[in-house]
Amino acid sequence: MSTTEMPLFPLSAVLLPYGRMPLQIFEQRYLDLIRDCMKTSSGFGVVWLRSGEEVAPRGSEQQLGDTGTVARIVDFDQLPNGLLGVTIQGGERFRLSDTRVAKNGLVLGDVVLETMPEAAALDEEWSPLRDILESLGQHPHVRRLGLDIDFEDAWQVGYSLAQLLPLEESLKYSLLNADDVDEMMDQLDLILSEISGEG
């Protein structure tokens, strides 16, 4: 498997494939990154910041997750506070093998990209998860994200639902690392049962 260099955006939140997330950009290194990505229609890597600060001084200790997600910009706007707001969507997963810091403070990573999973039929037992996602989709905050989901694809339903739910980031990271759709959907089902007190 070949390694690719990719600019990274460490976040205290996990981005999942198919998931959408709004970001507020104010640091110059990230303004430059967003500008370059929009010019070239390229993506950047979002990695979970297990510990350390998002706005980290150069050389400070950040502990990053080994698995990340390629982010692509799907919308942008100037926010009322004058900052740049972008909406990103998760694409392929990647494994992070090494990092270094560029002169402008941007973290660069050596990553091994994975292909997007093939669509998987949504089993009847998982239809309650689809129902929850459909009802969440009516919320004004979620509608603003402009989600485009194939509700018959279990991967898209599972990842999109996990992205929207107010779960611990460690749980989202665990779902990101699931290697097959049954594992991910069963894990998500169990989390929801525990939340609702049925577990």
Side-chain angles (χ1 to χ4, degrees), residues 6-25 27 30 43-57 60-72 86-99 101 107-117 120 125-126 128-130 132-133 135-137 139 141-142 145 147 149 153-199:
M6 181 174 283
L8 301 180
F9 199 127
L11 275 180
S12 53
V14 174
L15 177 67
L16 296 159
Y18 303 106
R20 287 195 176 184
M21 180 190 293
L23 290 180
Q24 195 168 258
I25 312 294
E27 285 191 81
Y30 295 130
F44 57 92
V46 169
V47 283
W48 181 40
L49 190 56
R50 292 173 183 265
S51 65
E53 297 295 320
E54 282 183 8
V55 186
S60 67
E61 199 56 48
Q62 287 184 327
Q63 191 185 353
L64 306 177
D66 300 323
T67 307
T69 309
V70 177
R72 289 184 176 80
V86 297
T87 301
I88 55 173
Q89 176 163 313
E92 306 92 323
R93 290 191 314 182
F94 61 78
R95 304 293 176 184
L96 181 62
S97 59
D98 198 15
T99 61
V101 181
V107 180
L108 302 173
D110 292 330
V111 307
V112 177
L113 289 169
E114 299 182 1
T115 55
M116 288 295 274
E125 64 180 302
W126 298 327
L129 299 178
R130 179 180 57 202
I132 295 169
L133 180 59
S135 91
L136 275 174
H139 190 283
H141 171 69
V142 176
L145 292 172
L147 294 177
I149 300 164
D153 178 6
W155 283 112
Q156 292 194 41
V157 169
Y159 278 140
S160 300
L161 180 57
Q163 188 74 72
L164 292 172
L165 289 171
L167 304 176
E168 292 280 341
E169 297 304 325
S170 58
L171 290 176
K172 293 188 182 187
Y173 185 69
S174 173
L175 291 165
L176 175 64
N177 278 285
D179 283 323
D180 66 68
V181 75
D182 295 293
E183 180 189 348
M184 181 187 66
M185 294 299 268
D186 288 346
Q187 199 176 335
L188 188 53
D189 195 34
L190 182 63
I191 290 166
L192 283 166
S193 295
E194 287 173 354
I195 289 171
S196 64
E198 294 170 14

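Residue indices begin at 1 and follow the sequence shown. Quick caveat, the model's predicted, so the values are computed rather than measured.
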Any side-chain heavy atom of [X] within less than 4.5 Å of one from [Y]?
X      : Y      : value
Leu145 : Leu164 : yes
Asp189 : Ile191 : no
Ser97  : Val111 : no
Leu147 : Tyr18  : no
Leu96  : Met6   : no
Trp48  : Thr67  : no
Leu192 : Leu165 : yes
Val70  : Phe94  : yes

Handout entry: Heavy-atom neighbours of Glu125 CD exceed 12 at 6.0 Å
Key =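 Yes, the 6.0 Å shell around CD holds more than 12 heavy atoms from other groups.
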Handout entry: Residue list, ring pair (Phe, Tyr, Trp, His ring centres under 6.0 Å) with Tyr159, at least two apart or on another chain
Key =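 So Tyr159 forms a ring pair (Phe, Tyr, Trp, His ring centres under 6.0 Å) with Trp155.
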Taking every non-hydrogen atom, the tightest pair across [X] and [Y]:
X      : Y      : answer
Gly65  : Val47  : O-CG1, 4.4 Å
Gly158 : Leu188 : O-CD2, 3.5 Å
Ala71  : Leu15  : CB-CD2, 3.7 Å
Ala120 : Asp153 : N-OD1, 3.0 Å
Pro17  : Gly91  : CB-O, 3.3 Å
Ala162 : Leu16  : CB-CD1, 3.5 Å

Problem - Trace of the side-chain contact (heavy atoms from CB on, under 4.5 Å) decision for Thr99 with Leu108 - result: CA-CA 6 Å; Thr99 61; Leu108 302 173; over 6 Å; no
Exercise for the section: Give, for atom CD of Gln89 and atom OG1 of Thr69, the distance between the pair rounded to the nearest 0.5 Å. Expected result: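 That separation rounds to 11.5 Å.
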Exercise for the section: Check the pair Met185 / Leu129 against side-chain contact (heavy atoms from CB on, under 4.5 Å), numbers first and verdict last. Expected result: CA-CA 9 Å; Met185 294 299 268; Leu129 299 178; 3.7 Å; yes
Problem - Identified side chain to side chain contact (heavy atoms under 4.5 Å, CB included) partner of Met184 from the options Asn177, Leu176, Leu175, Asp179 - result: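 The residue from Asn177, Leu176, Leu175, Asp179 that satisfies side chain to side chain contact (heavy atoms under 4.5 Å, CB included) with Met184 turns out to be Leu175.
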Exercise for the section: Measure from the side-chain N and O atoms of Ser160 to the backbone N and O of Gln156, and report whether any donor-acceptor pair falls under 3.5 Å. Expected result: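 Such a contact is found between Ser160 side chain and Gln156 backbone.
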Problem - Side-chain donor/acceptor of Lys172 to backbone N/O of Leu167, under 3.5 Å - result: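 No; zero donor-acceptor contacts below 3.5 Å.
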Exercise for the section: Using the side chain to side chain donor-acceptor pair (under 3.5 Å) rule, take Ser12 and Glu169 through it: C-alpha gap first, then chi angles, then the decisive distance, then the call. Expected result: CA-CA 8 Å; Ser12 53; Glu169 297 304 325; over 6 Å; no
Problem - Plane angle bin for Tyr30 and Phe9 - parallel if under 30°, tilted between 30 and 60°, otherwise perpendicular - result: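 Parallel, since the angle between the ring planes stays under 30°.
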Exercise for the section: Begin from the C-alpha positions of Thr87 and Met21 and carry the test side-chain contact (heavy atoms from CB on, under 4.5 Å) through to its verdict. Expected result: CA-CA 6 Å; Thr87 301; Met21 180 190 293; over 6 Å; no
Handout entry: Pairing residues for Asp98 by the side-chain hydrogen bond (donor to acceptor under 3.5 Å, both in side chains) criterion, not counting sequence neighbours
Key =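 Expected list: none.
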Handout entry: Glu92: partners by side-chain hydrogen bond (donor to acceptor under 3.5 Å, both in side chains), with sequence neighbours left out
Key =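 Scan of Glu92 (side-chain hydrogen bond (donor to acceptor under 3.5 Å, both in side chains), adjacent residues dropped) gives Arg72.
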